[in-house]
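Below you'll find the structure, written out as structure tokens, and then a few comments.
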Amino acid sequence: MNGNKWGEKRYHNLNYHLREKFGHKVFKIALDAGFTCPNRDGTFSGEGCYFCSEQGSGDFAGDRKLDIEEQFMQVKEMMHQKWANGKYIAYFQAFSNTYAPVNRLRELYEYALAQDGVLGIAIATRPDCLPDEVIALLAELNQKSYLWVELGLQSIHKKTALLMNLHYDYNVFLDSLYKLREHNIETCAHIILGLPGESSEDMLATGKAVAKLPIQGLKIHLLHLMKNTPLAKMHEKKPLDFLSREEYIKLVVDILKYLPPEMVIHRLTGDSPRDLLIEPRWSLNKWEVLNLIDKRLVKLNTWQGKSYHDL
């Protein structure tokens with residue numbers, strides 16, 4: 001295997017994928033469109049998933065107090081300080097971005113797609129927030145623009161879904177995934193490593209299950225314990241165990257080797273605001289973690305997909 005198959009990485013990273021597809025740098029404009037979530041508004045619960053931040057996992061998205069137009073311009077200008085000539089994916093990130101009347105969703109999505117320099121749209125949501133009329137809207141958009149839908153799986157294990165108050169399980173995820181794929185809509189799953197009560201074998205089992213699914217992208221997150229979350233209250237009552245940096249890196253590399261080579265890796269670790277993060281504090285140095293993942297891949301002479309056919 002050539003270590004430079006995907007540019008400088010040994011995995012099919014999103015930056016490489018977007019450069020290959022569009023021919024230049026593409027970055028995401030992360031937006032908070034003012035949505036809520038059925039696990040927040042009392043439909044299922046008022047607490048949300050226990051690990052989720054008060055910003056609905058949109059801590060680095062635009063300012064919720066601003067309208068979409070103002071957010072878009074503000075985030076775009078900030079991102080242009082890093083990449084002066086990039087184009088954009090409009091990324092509806094915070095909370096559940098399909099949880100609204102279809103007419104409202106259409107208005108927001110089409111506004112974002114109409115902005116100068118926007119090449120496509122990404123929509124993060126829960127797998128139980130995709131009724132047929134929303135699937136139909138997404139299928140329509142998919143016919144005329146670049147689209148991916150991000151679905152929170154987190155874990156395939158029912159015990160974890162119950163413990164973390166997800167109010168959906170693996171079967172709900174699968175149902176929504178197959179509905180999206182009927183319309184050839186690209187789908188990116190989210191999984192979390194380090195969830196309470198899960199062993200390394202449990203986490204690896206989630207990674208292997210994802211490898212066999214018809215998904216086109218994956219985000220791997222480290223569990224972050226953040227202030228003002230139900231998980232923080234659990235931690236106060238009984239301290240939780242957290243993955244060490246070495247354990248996390250080993251798990252990520254072990255999962256990568258089972259993933260199909262064509263699957264796009266959107267993320268290998270996540271971010272949390274420094275002032276909100278309780279544990280693990282080592283995760284604040286994101287680039288060091290990513291560099292150590294790269295080094296381990298080289299040291300073991302492994303890469304994404306090396307063991308895919310051994311599943």
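What's counted below: heavy atoms across the whole structure, side chains too, no hydrogens, waters or symmetry copies. Along the sequence shown, residues carry numbers from 1.
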Subject >> Verdict with reasoning, Cys52 to Arg40, per side-chain contact (heavy atoms from CB on, under 4.5 Å) >> reply: CA-CA 10 Å; Cys52 192; Arg40 295 263 189 166; 3.3 Å; yes

Pair [X] + [Y]: basic N to acidic O under 4.0 Å:
X: Asp175; Y: Lys179; answer: no
X: Arg106; Y: Glu133; answer: no
X: Arg181; Y: Glu186; answer: no
X: Asp294; Y: Arg10; answer: no
X: Arg104; Y: Glu107; answer: yes

Would you say [X] has more than 12 foreign heavy atoms packed within less than 6.0 Å of its [atom1]?
X: Lys159; atom1: NZ; result: yes
X: Asp241; atom1: CG; result: no
X: Lys295; atom1: NZ; result: no
X: Lys306; atom1: NZ; result: yes
X: Asp116; atom1: CG; result: no

Establish, from distance only, whether the side-chain atoms of [X] and [Y] form a donor-acceptor pair under 3.5 Å.
X: Gln154; Y: His190; answer: no
X: Asn165; Y: Ser45; answer: yes
X: Glu150; Y: Tyr91; answer: yes

